Every structure is written in C-alpha cells, then in structure tokens.
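Step one of this worksheet: look at the structure below.
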Amino acid sequence: MKITVYHGTSATDASTICGGGIDVSVGGGELGRGFYTGEFLHEARTWAFHRNPAGRPLVVELTLEDADFFAMDPLCLTAAQAVAYRNNIRSNDSTRTYLFDEDIVWSQIVGTDRIKCDQYKWESNDAEDFLNGSSVSRTMRK
Amino acid sequence: MRSVHYLCRKPGSVGELVYPLELPDGYQSLGSFFLGGSDVSSVDEVYRFPVYLDGSVLPSELRHIRGAIFEAEIQAIGRFAFRAIQAGMPARYTGAYPFDDIKLVRQLAPRNRAFLEEVALTKDFMFVGYSPRIDDATPLPPAPTGPAPPAPPVAGEAAFSRR
C-alpha cells in the first residue's frame, strides 16, 4: 500500500526536489531542522500560494510504500508531546537546529487541538537518501 | 467588509502571527484562516474569503449562519461549512503590513476536510484567504509538468505543511 505526502514550495525548489535534491539540513519549522511534509494537498497548496509571490503555487507529491515508511520507525508524538517540544524549541530559538536524532518525526501540527492535520519531519541523512531515492515517486502538482 | 486572513505563527514568539511572506527563508509553517475582531464574541455576518480556481484568484464570501458556524458557497464547486473556533491563545498580527484588526480572535476549522481535499485534487480549487500575495493575484502562468532533471540541494522551504 502506498501513502502520499505533500510539500508546498516555489517552482524552482519544486524542480530541485523532484530531481532528487531534498536537503534535510536546510529547512526548519516548529519541530526544528528538517524537511517537512503533510498529509493534505489543499493545505500545501494554500501555503505555497501565499509563500511565493510570483508564479503558480506548486506542490511536490511524494508517494512511497507505507512499509518503507514504517520500517524507518518514525517517532510518533502525541499532541501534548508535540506542544511541549514546540514550546521548548521555540523558547530555545532552535527552530533551525533542533534534532530528535530520529529518521522521521510524525506529529500533529501544533497550533490548536481543534484543527487536526498531521505532519512528517524528515531529519536524518538516511531519511534524506530515502526521499531522494528511486523508491519514492516525486512529482509536481500544479 | 473584513477579510479572512491566512496567517502563520511567528518563529520564536507566542501569540504573534505574520503573513507567510514574512517568515524567514526556509522556515516551514503551515498557516490557518483567522477572523479579526475586538473580542471573541464579535463576529461579522460576512467576510471576504478569496478562493483559487483554475489558475485565478476569485472573490467569495464567508457568511455567518448561526453561532460559530459559517458557510461559503462556490458556484460549480459546492458549499463549505466552517466552525469559527476561539483561537487557542490571544493572537495579534505583528508583521510589517498595514493591518486593521486589533486581535485575531477566531480560527476557521473546516467541517468536511475530505471535501476540501477532493476539490483540490480534482478541480484545481482551494480557499486562500487574504495575505499581501492576493494584491498581486493576476492570472498565473501554466504550471511546469513532470519530474525535473537533477539539481543542487535546496532548502525544504514551505510546508505541506501549515499548514
């Protein structure tokens, strides 16, 4: 069985990502350093639209075998854990540096517990190699 | 008429929101739709709620139905209900753009996220809300298609994710 995750971005970066150029060491977010993907296309597209002032909003669709995903033993955070980590990372100003020392962190997006949406933070070199490898389909969606 | 704003949490701060364009490069943080006001009990009957359809930004309206329930009807797409829930903590816009609302008091939660996802997948439709990006929302060029050749590594900018 395959699962699909989405990453909203600019046209330039979408080309790079589709070409196997994901670099987990460059991006950051509420759970620290890594490459973030989410479960919903509409969320990724809305983000991409507002984030990129010129051009059509682009989303990279990554399709992978869920067996491969679970084989990487993702760290699953509860909502309460995600909030605690987010608060700690924020107070330490480490949104661009914090690592869990895991391949993947699977968590609800923090913000409000009444708007639920999952995110996946890919943070290790092994995760990067996996995302850039031949077993993951990386395609652009307009 | 007020607008539904699309805002993100500002990195390293509590209760501060900015537009996505104001986030640092490479920072990935999905936003949410917010309603402004002076307190949580004050909601307007109608808000501007821009949508994106087939490469263009179009106007639409979010109408108050009752209580915390709002609805937007988009011709040829469908009817979408949202709950306007109280923001988790008092939030303010702290970016550099002109901003009239004192506080962001409510966040929109879709009643049927599966329908939003379906129309994104099949009809090139999504709600976008307002950010300064809207002011530059002329019709957009065709999207590139297919995988690209290998290129240098790049920051994982933007999110799916967030949303």
Side-chain angles (χ1 to χ4, degrees), chain A residues 5-24 26-30 34-59 90 93 95-96 109 111-115 117 119-120 122 138-142, chain B residues 6 8-9 11-14 19-21 23-24 26-32 52 55 57 83 85 87-88 107-110 113 116-117 119-121 124 126-129 131-134 136 140-163:
Chain A
V5 295
Y6 301 97
H7 179 92
T9 188
S10 65
T12 304
D13 288 356
S15 294
T16 302
I17 291 166
C18 287
I22 292 171
D23 183 347
V24 299
V26 182
E30 65 180 11
F35 179 80
Y36 287 73
T37 59
E39 61 179 333
F40 292 116
L41 172 64
H42 68 273
E43 293 277 7
R45 292 187 74 216
T46 303
W47 158 264
F49 172 85
H50 288 289
R51 180 63 175 161
N52 299 290
R56 182 178 283 267
L58 285 176
V59 171
R90 183 168 59 191
D93 195 20
T95 57
R96 308 304 288 264
I109 295 172
T112 168
D113 57 4
R114 287 159 292 188
I115 301 177
C117 185
Q119 63 183 339
Y120 311 92
W122 308 75
R138 301 173 299 275
T139 56
M140 280 188 217
R141 293 193 70 106
K142 67 178 183 178
Chain B
Y6 184 81
C8 302
R9 300 194 180 274
S13 68
V14 178
Y19 290 118
L21 284 171
L23 291 170
Y27 190 81
Q28 306 165 61
S29 168
L30 286 186
S32 295
Y52 179 97
V57 176
R83 284 184 303 141
I85 59 179
Q107 248 175 302
L108 294 183
R113 189 181 286 280
L116 281 176
E117 188 69 354
V119 292
L121 286 162
D124 195 21
M126 61 186 176
F127 288 94
V128 291
S131 84
R133 168 71 169 82
I134 289 291
D136 185 34
L140 300 167
T145 56
V154 67
E157 185 190 301
F160 18 143
S161 125
R162 131 265 263 191
R163 111 275 310 181

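To find a chain, count down the sequence lines: A is the first, B the second, and so on, and within it residues start at 1. In this text the structure is predicted, and so the values were computed from the model without any measurement.
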Next on the checklist: Could you walk me through whether B/Q28 and A/H7 satisfy the side-chain contact (heavy atoms from CB on, under 4.5 Å) test, starting with their C-alpha distance in whole Å, then the side-chain angles of each, then the deciding distance to 0.1 Å, before giving a yes or no?
Outcome noted: CA-CA 10 Å; B/Q28 306 165 61; A/H7 179 92; 3.4 Å; yes
Checklist entry - Checking B/V119 against chain A: side chain, backbone, both or neither under 4.5 Å from a heavy atom? => result neither
Checklist entry - With sequence neighbours left out, what residues match A/H50 under side-chain hydrogen bond (donor to acceptor under 3.5 Å, both in side chains)? => result B/S131
Next on the checklist: Between B/R113 and A/E43, does the salt bridge (Lys or Arg N to Asp or Glu O under 4.0 Å) criterion hold? Intermediate values first, please.
Outcome noted: CA-CA 10 Å; B/R113 189 181 286 280; A/E43 293 277 7; 2.7 Å; yes
Item to check | Test item: B/P20 and A/F49 side chains (from C-beta on) under 4.5 Å apart, heavy atoms | outcome: no
Checklist entry - Who among A/D93, A/V59, A/T95, A/V5 has the most heavy-atom pairs with chain B under 4.5 Å? => result A/T95
Next on the checklist: Is there a side-chain contact between A/E39 and B/E117 in this structure, where contact means two heavy atoms from C-beta onward sitting under 4.5 Å apart?
Outcome noted: no
Item to check | Short side-chain to backbone donor-acceptor contact, B/R133 and A/R51, under 3.5 Å | outcome: no
Checklist outcome for this item: One should read off an interatomic distance between A/W47 CH2 and B/L23 CG, to the nearest 0.5 angstrom, of 5.0 Å
Item to check | Expected output: side-chain A/T46 to main-chain B/M126 donor-acceptor under 3.5 Å | outcome: no
Checklist entry - Heavy atoms, side chains only, cut-off 4.5 Å: are B/D124 and A/R141 in contact? => result no
Checklist entry - Which atoms of B/F127 come close to chain A, meaning under 4.5 Å heavy atom to heavy atom: side chain ones, backbone ones, both, or neither? => result backbone
Next on the checklist: Would A/R96 and B/Y27 count as a cation-pi pair here, with the cationic atom under 6.0 angstrom from the ring centre and within 45° of the axis?
Outcome noted: no
